[in-house]
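Please read the structure below before turning to the comments.
Everything numeric here is computed off the predicted structure, so don't read it as measured data. Below, chain A is the first sequence line, B the second, and so on; all start at residue 1.
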There are 2 protein chains.
Amino acid sequence: MKAEKEIIVDRRIQKTKKALTEALIHLILEKSYEKVTIQDIIDRANVGRSTFYMHYESKEQLLLDGHNNLNVAMFSIEINGELSFKNLFGHIAQNQQLAKAMLGKKSGNIMAEFFKNSIAIKIKKKFGHQFGKGKKEQKLLSYLSEATAALVISFLVSWVEDEMFFSTEEMASKCQDTVTSIFVYSKI
Amino acid sequence: MKAEKEIIVDRRIQKTKKALTEALIHLILEKSYEKVTIQDIIDRANVGRSTFYMHYESKEQLLLDGHNNLNVAMFSIEINGELSFKNLFGHIAQNQQLAKAMLGKKSGNIMAEFFKNSIAIKIKKKFGHQFGKGKKEQKLLSYLSEATAALVISFLVSWVEDEMFFSTEEMASKCQDTVTSIFVYSKI
DNA sequence: TTTCATTTTGAACTTGGTGTTTTTTATTGA
DNA sequence: TCAATAAAAAACACCAAGTTCAAAATGAAA
(Lines give C-alpha, C1' and ligand atoms only; values in the text may rest on other atoms or scores of the structure.)
Protein backbone atom coordinates (compact mmCIF):
# COMPACT_ATOMS: atom_id res chain seq x y z
CA MET A 1 0.00 0.00 0.00
CA LYS A 2 2.97 2.30 0.31
CA ALA A 3 4.67 2.00 -3.03
CA GLU A 4 3.19 5.15 -4.50
CA LYS A 5 4.59 6.21 -7.79
CA GLU A 6 7.51 8.50 -7.11
CA ILE A 7 7.10 11.20 -9.66
CA ILE A 8 10.27 13.19 -9.88
CA VAL A 9 9.67 16.83 -10.51
CA ASP A 10 12.46 18.90 -11.94
CA ARG A 11 13.94 21.04 -9.19
CA ARG A 12 13.60 24.12 -11.34
CA ILE A 13 9.88 23.58 -11.53
CA GLN A 14 9.57 23.07 -7.80
CA LYS A 15 11.54 26.21 -7.21
CA THR A 16 9.50 28.44 -9.49
CA LYS A 17 6.17 27.10 -8.31
CA LYS A 18 7.14 27.67 -4.73
CA ALA A 19 8.36 31.17 -5.47
CA LEU A 20 5.14 32.03 -7.29
CA THR A 21 2.92 30.64 -4.56
CA GLU A 22 4.75 32.45 -1.81
CA ALA A 23 4.75 35.67 -3.75
CA LEU A 24 1.01 35.43 -4.21
CA ILE A 25 0.37 34.76 -0.54
CA HIS A 26 2.40 37.72 0.58
CA LEU A 27 0.88 39.99 -2.02
CA ILE A 28 -2.63 39.02 -0.97
CA LEU A 29 -1.84 39.95 2.60
CA GLU A 30 -0.43 43.27 1.43
CA LYS A 31 -3.00 44.38 -1.12
CA SER A 32 -5.89 41.93 -1.32
CA TYR A 33 -6.35 39.28 -3.94
CA GLU A 34 -8.26 41.38 -6.46
CA LYS A 35 -5.54 43.98 -6.63
CA VAL A 36 -2.69 41.55 -7.19
CA THR A 37 -1.67 41.37 -10.83
CA ILE A 38 0.31 38.66 -12.53
CA GLN A 39 2.89 41.34 -13.13
CA ASP A 40 3.17 41.81 -9.36
CA ILE A 41 3.53 38.11 -8.79
CA ILE A 42 6.30 37.53 -11.29
CA ASP A 43 8.17 40.63 -10.16
CA ARG A 44 8.03 39.52 -6.55
CA ALA A 45 8.89 35.93 -7.37
CA ASN A 46 11.63 36.99 -9.74
CA VAL A 47 10.31 34.81 -12.45
CA GLY A 48 9.99 35.51 -16.14
CA ARG A 49 6.63 36.26 -17.65
CA SER A 50 6.66 33.28 -19.98
CA THR A 51 7.66 31.03 -17.12
CA PHE A 52 4.48 31.90 -15.27
CA TYR A 53 2.35 30.98 -18.24
CA MET A 54 4.30 27.78 -18.67
CA HIS A 55 2.84 26.55 -15.38
CA TYR A 56 -0.41 28.41 -14.85
CA GLU A 57 -3.13 30.01 -16.90
CA SER A 58 -4.15 32.60 -14.34
CA LYS A 59 -3.85 33.99 -10.87
CA GLU A 60 -6.80 31.91 -9.83
CA GLN A 61 -5.24 28.69 -11.00
CA LEU A 62 -2.13 29.47 -9.05
CA LEU A 63 -4.23 30.01 -5.96
CA LEU A 64 -6.17 26.82 -6.39
CA ASP A 65 -3.11 24.80 -7.32
CA GLY A 66 -3.05 23.39 -3.86
CA HIS A 67 0.65 23.48 -3.30
CA ASN A 68 -0.10 24.60 0.19
CA ASN A 69 -0.93 23.01 3.48
CA LEU A 70 -4.48 24.22 3.78
CA ASN A 71 -5.84 21.39 1.76
CA VAL A 72 -4.66 19.09 4.48
CA ALA A 73 -6.94 21.02 6.79
CA MET A 74 -9.92 20.40 4.58
CA PHE A 75 -9.39 16.70 4.45
CA SER A 76 -8.80 16.58 8.15
CA ILE A 77 -12.33 17.65 8.94
CA GLU A 78 -13.52 14.13 8.49
CA ILE A 79 -12.15 11.34 10.67
CA ASN A 80 -13.67 7.91 10.22
CA GLY A 81 -16.63 9.57 8.57
CA GLU A 82 -17.23 11.83 11.55
CA LEU A 83 -16.97 15.59 11.39
CA SER A 84 -14.10 16.77 13.53
CA PHE A 85 -14.02 20.50 13.96
CA LYS A 86 -11.14 20.10 16.37
CA ASN A 87 -9.01 18.85 13.51
CA LEU A 88 -10.19 21.56 11.20
CA PHE A 89 -9.50 24.43 13.56
CA GLY A 90 -6.27 22.80 14.63
CA HIS A 91 -4.89 22.68 11.13
CA ILE A 92 -5.93 26.25 10.52
CA ALA A 93 -4.11 27.30 13.67
CA GLN A 94 -0.95 25.65 12.41
CA ASN A 95 -1.02 27.70 9.25
CA GLN A 96 -2.16 31.04 10.51
CA GLN A 97 -0.57 33.27 7.90
CA LEU A 98 -1.57 31.04 5.03
CA ALA A 99 -5.10 30.77 6.40
CA LYS A 100 -5.37 34.52 6.63
CA ALA A 101 -4.31 34.93 3.02
CA MET A 102 -6.68 32.21 1.87
CA LEU A 103 -9.72 32.92 4.02
CA GLY A 104 -9.36 36.44 5.37
CA LYS A 105 -11.03 39.59 4.16
CA LYS A 106 -8.35 40.18 1.57
CA SER A 107 -8.59 36.70 0.13
CA GLY A 108 -11.13 37.28 -2.58
CA ASN A 109 -13.20 34.39 -1.25
CA ILE A 110 -12.12 31.91 -3.87
CA MET A 111 -10.69 29.44 -1.41
CA ALA A 112 -13.48 30.16 1.05
CA GLU A 113 -16.01 29.11 -1.57
CA PHE A 114 -14.04 26.02 -2.22
CA PHE A 115 -13.89 25.15 1.46
CA LYS A 116 -17.53 25.93 1.94
CA ASN A 117 -18.55 23.45 -0.70
CA SER A 118 -16.45 20.69 0.82
CA ILE A 119 -17.92 21.33 4.24
CA ALA A 120 -21.45 21.48 2.88
CA ILE A 121 -21.06 18.06 1.33
CA LYS A 122 -19.81 16.59 4.57
CA ILE A 123 -22.58 18.16 6.59
CA LYS A 124 -25.15 16.92 4.14
CA LYS A 125 -23.77 13.42 4.43
CA LYS A 126 -23.77 13.53 8.18
CA PHE A 127 -27.30 14.81 8.71
CA GLY A 128 -28.95 13.45 5.60
CA HIS A 129 -30.53 10.54 7.43
CA GLN A 130 -32.75 12.93 9.37
CA PHE A 131 -34.57 13.99 6.22
CA GLY A 132 -37.20 12.23 4.15
CA LYS A 133 -36.92 11.36 0.48
CA GLY A 134 -39.44 13.93 -0.73
CA LYS A 135 -38.38 16.79 -2.94
CA LYS A 136 -39.15 19.39 -0.31
CA GLU A 137 -37.28 17.60 2.42
CA GLN A 138 -34.28 17.06 0.20
CA LYS A 139 -34.23 20.67 -0.88
CA LEU A 140 -34.44 21.80 2.70
CA LEU A 141 -31.53 19.54 3.53
CA SER A 142 -29.50 21.18 0.77
CA TYR A 143 -30.36 24.69 1.88
CA LEU A 144 -29.53 23.87 5.48
CA SER A 145 -26.28 22.14 4.64
CA GLU A 146 -25.05 25.03 2.56
CA ALA A 147 -26.17 27.60 5.09
CA THR A 148 -24.51 25.72 7.91
CA ALA A 149 -21.32 25.46 5.91
CA ALA A 150 -21.47 29.22 5.37
CA LEU A 151 -21.82 29.62 9.11
CA VAL A 152 -18.79 27.44 9.77
CA ILE A 153 -16.69 29.38 7.27
CA SER A 154 -17.79 32.63 8.84
CA PHE A 155 -16.64 31.29 12.20
CA LEU A 156 -13.29 30.41 10.70
CA VAL A 157 -12.90 33.79 9.06
CA SER A 158 -13.80 35.71 12.22
CA TRP A 159 -11.29 33.69 14.14
CA VAL A 160 -8.49 34.09 11.63
CA GLU A 161 -9.11 37.81 11.21
CA ASP A 162 -9.18 38.16 14.98
CA GLU A 163 -5.66 36.73 15.28
CA MET A 164 -7.15 33.62 16.86
CA PHE A 165 -8.31 35.13 20.09
CA PHE A 166 -10.01 31.94 21.24
CA SER A 167 -8.27 28.61 21.64
CA THR A 168 -8.66 25.88 19.07
CA GLU A 169 -10.72 23.88 21.54
CA GLU A 170 -13.06 26.73 22.35
CA MET A 171 -13.69 27.40 18.68
CA ALA A 172 -14.17 23.77 17.79
CA SER A 173 -16.61 23.18 20.59
CA LYS A 174 -18.65 26.32 19.92
CA CYS A 175 -18.78 25.46 16.26
CA GLN A 176 -19.76 21.89 16.92
CA ASP A 177 -22.50 22.97 19.33
CA THR A 178 -23.92 25.50 16.92
CA VAL A 179 -24.01 23.12 14.00
CA THR A 180 -25.64 20.48 16.16
CA SER A 181 -28.26 22.90 17.42
CA ILE A 182 -29.26 23.78 13.88
CA PHE A 183 -29.85 20.18 12.91
CA VAL A 184 -31.24 18.97 16.19
CA TYR A 185 -33.84 21.65 15.94
CA SER A 186 -34.64 21.20 12.26
CA LYS A 187 -35.22 17.51 12.90
CA ILE A 188 -38.56 18.31 14.46
CA MET B 1 -42.78 66.16 8.68
CA LYS B 2 -43.55 65.74 5.02
CA ALA B 3 -41.93 68.74 3.40
CA GLU B 4 -38.83 66.93 2.24
CA LYS B 5 -36.57 68.87 0.00
CA GLU B 6 -37.57 68.17 -3.57
CA ILE B 7 -34.29 67.84 -5.32
CA ILE B 8 -34.87 68.05 -9.02
CA VAL B 9 -32.57 65.83 -10.96
CA ASP B 10 -32.01 66.58 -14.61
CA ARG B 11 -33.94 64.07 -16.67
CA ARG B 12 -30.87 63.36 -18.73
CA ILE B 13 -29.08 62.21 -15.61
CA GLN B 14 -31.98 60.05 -14.52
CA LYS B 15 -32.08 58.51 -17.94
CA THR B 16 -28.39 57.66 -18.15
CA LYS B 17 -28.22 56.31 -14.62
CA LYS B 18 -31.19 54.11 -15.22
CA ALA B 19 -29.78 52.86 -18.49
CA LEU B 20 -26.44 52.07 -16.88
CA THR B 21 -27.99 50.28 -13.93
CA GLU B 22 -30.24 48.16 -16.08
CA ALA B 23 -27.43 47.34 -18.45
CA LEU B 24 -25.32 46.16 -15.54
CA ILE B 25 -28.08 43.98 -14.11
CA HIS B 26 -28.72 42.26 -17.38
CA LEU B 27 -25.05 41.80 -18.08
CA ILE B 28 -24.50 40.23 -14.67
CA LEU B 29 -27.23 37.70 -15.38
CA GLU B 30 -25.65 36.94 -18.74
CA LYS B 31 -21.97 36.73 -17.89
CA SER B 32 -21.38 37.16 -14.15
CA TYR B 33 -20.26 40.34 -12.47
CA GLU B 34 -16.53 39.78 -12.76
CA LYS B 35 -16.67 39.38 -16.49
CA VAL B 36 -18.68 42.51 -17.13
CA THR B 37 -16.49 45.37 -18.32
CA ILE B 38 -17.29 49.03 -18.28
CA GLN B 39 -17.03 48.80 -22.02
CA ASP B 40 -19.85 46.26 -22.02
CA ILE B 41 -21.99 48.43 -19.81
CA ILE B 42 -21.71 51.58 -21.87
CA ASP B 43 -22.20 49.68 -25.10
CA ARG B 44 -25.35 48.06 -23.77
CA ALA B 45 -26.65 51.24 -22.20
CA ASN B 46 -25.79 53.26 -25.28
CA VAL B 47 -23.96 55.83 -23.26
CA GLY B 48 -20.71 57.58 -24.01
CA ARG B 49 -17.57 56.56 -22.22
CA SER B 50 -17.02 59.93 -20.63
CA THR B 51 -20.62 60.02 -19.50
CA PHE B 52 -20.09 56.91 -17.41
CA TYR B 53 -17.13 58.46 -15.66
CA MET B 54 -19.09 61.64 -15.10
CA HIS B 55 -21.39 59.71 -12.74
CA TYR B 56 -19.41 56.76 -11.43
CA GLU B 57 -15.84 55.86 -10.73
CA SER B 58 -16.21 52.16 -11.28
CA LYS B 59 -18.42 49.18 -11.90
CA GLU B 60 -18.60 48.59 -8.20
CA GLN B 61 -19.82 52.06 -7.45
CA LEU B 62 -22.55 51.67 -10.02
CA LEU B 63 -23.63 48.45 -8.37
CA LEU B 64 -23.66 49.95 -4.92
CA ASP B 65 -25.33 53.14 -6.05
CA GLY B 66 -28.57 51.87 -4.71
CA HIS B 67 -30.82 53.05 -7.46
CA ASN B 68 -32.65 49.81 -7.12
CA ASN B 69 -35.42 48.35 -5.03
CA LEU B 70 -33.39 45.87 -3.10
CA ASN B 71 -32.36 48.39 -0.53
CA VAL B 72 -35.98 48.60 0.43
CA ALA B 73 -35.78 44.93 1.23
CA MET B 74 -32.88 45.46 3.56
CA PHE B 75 -34.61 48.13 5.54
CA SER B 76 -37.75 46.07 5.68
CA ILE B 77 -36.13 43.40 7.76
CA GLU B 78 -36.69 45.40 10.87
CA ILE B 79 -40.18 46.38 11.93
CA ASN B 80 -40.52 48.19 15.22
CA GLY B 81 -37.10 46.94 16.13
CA GLU B 82 -38.08 43.32 15.56
CA LEU B 83 -36.49 41.16 12.92
CA SER B 84 -39.05 40.23 10.31
CA PHE B 85 -37.85 37.61 7.92
CA LYS B 86 -41.27 37.55 6.36
CA ASN B 87 -40.73 41.09 5.15
CA LEU B 88 -37.23 40.34 3.97
CA PHE B 89 -38.16 37.29 1.94
CA GLY B 90 -41.29 39.02 0.71
CA HIS B 91 -39.37 41.93 -0.75
CA ILE B 92 -36.89 39.61 -2.35
CA ALA B 93 -39.74 37.69 -3.95
CA GLN B 94 -41.07 40.89 -5.42
CA ASN B 95 -37.78 41.59 -7.15
CA GLN B 96 -36.76 38.18 -8.26
CA GLN B 97 -34.67 39.14 -11.26
CA LEU B 98 -32.91 41.95 -9.48
CA ALA B 99 -32.31 39.73 -6.48
CA LYS B 100 -30.76 37.08 -8.64
CA ALA B 101 -28.38 39.58 -10.21
CA MET B 102 -27.47 41.03 -6.84
CA LEU B 103 -27.26 37.90 -4.72
CA GLY B 104 -26.99 34.94 -7.04
CA LYS B 105 -23.91 32.99 -7.99
CA LYS B 106 -23.06 35.40 -10.76
CA SER B 107 -23.31 38.45 -8.55
CA GLY B 108 -19.73 38.71 -7.39
CA ASN B 109 -20.90 38.83 -3.78
CA ILE B 110 -20.51 42.55 -3.37
CA MET B 111 -24.11 43.19 -2.51
CA ALA B 112 -24.28 39.97 -0.54
CA GLU B 113 -21.46 41.23 1.67
CA PHE B 114 -23.28 44.48 2.09
CA PHE B 115 -26.49 42.74 3.04
CA LYS B 116 -24.70 40.39 5.36
CA ASN B 117 -23.25 43.24 7.34
CA SER B 118 -26.61 44.90 7.74
CA ILE B 119 -28.19 41.70 8.92
CA ALA B 120 -25.33 40.96 11.29
CA ILE B 121 -25.81 44.31 12.97
CA LYS B 122 -29.50 43.70 13.44
CA ILE B 123 -28.96 40.23 14.79
CA LYS B 124 -26.36 41.51 17.19
CA LYS B 125 -28.75 44.14 18.43
CA LYS B 126 -31.54 41.65 18.91
CA PHE B 127 -29.62 39.01 20.82
CA GLY B 128 -26.99 41.18 22.50
CA HIS B 129 -28.82 41.18 25.81
CA GLN B 130 -28.16 37.47 26.21
CA PHE B 131 -24.41 38.03 26.45
CA GLY B 132 -22.28 39.36 29.26
CA LYS B 133 -20.03 42.41 29.10
CA GLY B 134 -16.77 40.48 29.18
CA LYS B 135 -14.42 40.54 26.21
CA LYS B 136 -14.90 36.88 25.49
CA GLU B 137 -18.66 37.04 25.63
CA GLN B 138 -18.74 40.07 23.40
CA LYS B 139 -16.43 38.50 20.90
CA LEU B 140 -18.51 35.37 20.83
CA LEU B 141 -21.58 37.52 20.22
CA SER B 142 -19.83 39.10 17.24
CA TYR B 143 -18.73 35.79 15.78
CA LEU B 144 -22.21 34.35 16.21
CA SER B 145 -23.96 37.37 14.75
CA GLU B 146 -21.79 37.38 11.67
CA ALA B 147 -22.03 33.65 11.22
CA THR B 148 -25.79 33.73 11.58
CA ALA B 149 -26.00 36.53 9.06
CA ALA B 150 -23.93 34.42 6.68
CA LEU B 151 -26.40 31.62 7.22
CA VAL B 152 -29.34 33.86 6.44
CA ILE B 153 -27.71 35.12 3.26
CA SER B 154 -26.95 31.58 2.20
CA PHE B 155 -30.62 30.76 2.69
CA LEU B 156 -31.56 33.70 0.52
CA VAL B 157 -29.11 32.76 -2.18
CA SER B 158 -30.22 29.14 -2.28
CA TRP B 159 -33.79 30.25 -2.60
CA VAL B 160 -33.14 32.79 -5.32
CA GLU B 161 -30.95 30.43 -7.31
CA ASP B 162 -33.59 27.77 -6.94
CA GLU B 163 -36.21 29.97 -8.61
CA MET B 164 -37.96 30.31 -5.27
CA PHE B 165 -39.16 26.77 -4.93
CA PHE B 166 -40.52 27.34 -1.43
CA SER B 167 -43.10 29.95 -0.55
CA THR B 168 -42.12 33.17 1.14
CA GLU B 169 -43.80 32.00 4.33
CA GLU B 170 -42.02 28.67 4.37
CA MET B 171 -38.65 30.32 3.88
CA ALA B 172 -39.27 32.99 6.48
CA SER B 173 -40.38 30.55 9.07
CA LYS B 174 -37.54 28.11 8.48
CA CYS B 175 -35.07 30.95 8.63
CA GLN B 176 -36.59 32.39 11.77
CA ASP B 177 -36.56 28.99 13.45
CA THR B 178 -32.96 28.32 12.55
CA VAL B 179 -31.73 31.69 13.77
CA THR B 180 -33.65 31.29 16.98
CA SER B 181 -32.26 27.83 17.58
CA ILE B 182 -28.71 29.12 17.26
CA PHE B 183 -29.20 31.79 19.88
CA VAL B 184 -31.49 29.85 22.17
CA TYR B 185 -28.85 27.22 22.36
CA SER B 186 -25.87 29.52 22.73
CA LYS B 187 -27.60 31.21 25.65
CA ILE B 188 -26.71 28.30 27.85
C1' DT C 1 -39.80 80.20 -28.00
C1' DT C 2 -35.71 81.74 -26.83
C1' DT C 3 -31.89 81.62 -23.96
C1' DC C 4 -28.42 79.74 -21.21
C1' DA C 5 -26.59 76.24 -18.41
C1' DT C 6 -25.75 71.58 -18.26
C1' DT C 7 -25.19 67.06 -20.06
C1' DT C 8 -23.85 64.02 -23.63
C1' DT C 9 -21.14 62.69 -27.33
C1' DG C 10 -17.25 61.11 -29.91
C1' DA C 11 -12.80 60.85 -30.75
C1' DA C 12 -8.13 60.82 -29.56
C1' DC C 13 -4.73 59.51 -26.40
C1' DT C 14 -1.92 57.52 -22.45
C1' DT C 15 -1.25 53.91 -19.47
C1' DG C 16 -0.97 49.28 -17.80
C1' DG C 17 -1.87 44.51 -17.64
C1' DT C 18 -2.53 40.24 -20.52
C1' DG C 19 -1.15 36.56 -23.08
C1' DT C 20 1.97 34.80 -26.97
C1' DT C 21 6.14 34.04 -29.41
C1' DT C 22 10.95 33.45 -30.32
C1' DT C 23 15.67 33.22 -29.40
C1' DT C 24 19.26 32.57 -26.19
C1' DT C 25 21.09 30.90 -21.92
C1' DA C 26 21.26 27.96 -17.79
C1' DT C 27 20.32 23.90 -15.27
C1' DT C 28 19.03 19.22 -14.62
C1' DG C 29 18.89 14.18 -14.67
C1' DA C 30 20.98 10.32 -16.38
C1' DT D 1 29.51 14.78 -20.34
C1' DC D 2 25.47 15.64 -22.97
C1' DA D 3 20.81 15.73 -24.51
C1' DA D 4 16.60 17.35 -22.75
C1' DT D 5 14.19 20.62 -20.51
C1' DA D 6 13.23 24.90 -18.13
C1' DA D 7 14.03 29.75 -17.50
C1' DA D 8 14.97 34.32 -19.12
C1' DA D 9 14.61 38.29 -21.91
C1' DA D 10 12.62 40.99 -25.11
C1' DA D 11 9.38 42.18 -28.43
C1' DC D 12 4.71 42.03 -29.78
C1' DA D 13 -0.40 42.66 -30.48
C1' DC D 14 -4.42 43.28 -27.85
C1' DC D 15 -7.86 45.20 -24.97
C1' DA D 16 -9.90 47.75 -21.30
C1' DA D 17 -9.24 51.64 -18.16
C1' DG D 18 -9.38 56.18 -17.42
C1' DT D 19 -8.64 61.22 -19.05
C1' DT D 20 -9.31 65.16 -21.93
C1' DC D 21 -11.58 68.41 -24.95
C1' DA D 22 -14.36 70.63 -28.34
C1' DA D 23 -18.74 70.27 -30.48
C1' DA D 24 -23.57 68.99 -30.36
C1' DA D 25 -27.85 68.02 -28.02
C1' DT D 26 -31.05 68.68 -24.53
C1' DG D 27 -33.38 70.38 -20.49
C1' DA D 28 -35.11 74.13 -17.38
C1' DA D 29 -36.82 78.35 -16.73
C1' DA D 30 -38.31 82.69 -18.01
Discussion item. Using a strict threshold of under 4.0 Å (side-chain N to carboxylate O), is an ion pair present between B/E170 and A/K136?
Written reply: yes
Worksheet item: When you match A/H55 and B/K59 each to their closest nucleotide on DNA chain D, which lands nearer the 5' end?
Response: A/H55
Worksheet item: What's the CD-C1' distance between A/E34 and C/dG17, to the nearest Å?
Response: 16 Å
Item to complete: List the steps and the verdict of ring-ring contact (aromatic ring centres under 6.0 Å, His included) for B/F89 and B/W159.
Response: CA-CA 9 Å; B/F89 283 92; B/W159 190 47; 5.3 Å; yes
Discussion item. When you measure only distances, ignoring hydrogens and angles, does the side chain of A/R11 come within 3.5 Å of the base of C/dT27 through a donor and an acceptor?
Written reply: no
Fill in: Among B/K59, B/K31, B/K35, side-chain hydrogen bond (donor to acceptor under 3.5 Å, both in side chains) partner for B/D40
B/K31
Worksheet item: How far apart are the closest heavy atoms of B/L64 and B/M111, and which atoms are they?
Response: CD2-SD, 3.7 Å
Worksheet item: Between A/K100 and A/E163, does at least one N-O distance fall below 4.0 Å, as a salt bridge requires?
Response: yes
Worksheet item: Does any residue of residues 41-54 of chain A have a heavy atom under 4.0 Å from DNA chain D, and if so, which ones, in number order?
Response: A/N46, A/V47, A/G48, A/S50, A/T51
Worksheet item: So does B/K105 pair up with A/E113, basic N to acidic O under 4.0 Å?
Response: no
Discussion item. Quick check for you: name the first and last nucleotides of DNA chain D, 5' to 3', having an atom under 4.0 Å from a heavy atom of chain B.
Written reply: D/dA16 to D/dA28
Practice prompt. Mind jotting down which residue pairs meet the ring-ring contact (aromatic ring centres under 6.0 Å, His included) criterion with at least one end in residues 14-54 of chain B? Sequence neighbours excluded, please.
Written response: B/F52-B/Y56
Worksheet item: What orientation do A/F127 and A/F183 show, parallel under 30°, tilted 30 to 60°, or perpendicular over 60°?
Response: parallel
Discussion item. Is there, by distance only and without an angle test, a donor paired with an acceptor across the side chain of A/R12 and the base of C/dT27 below 3.5 Å?
Written reply: yes
Practice prompt. Starting at atom CD of A/E60, determine the distance to atom P of C/dT18, rounded to an integer number of angstrom.
Written response: 14 Å
Worksheet item: Rounding to a whole Å, what distance do you find between B/K17:NZ and C/dT6:C1'?
Response: 15 Å
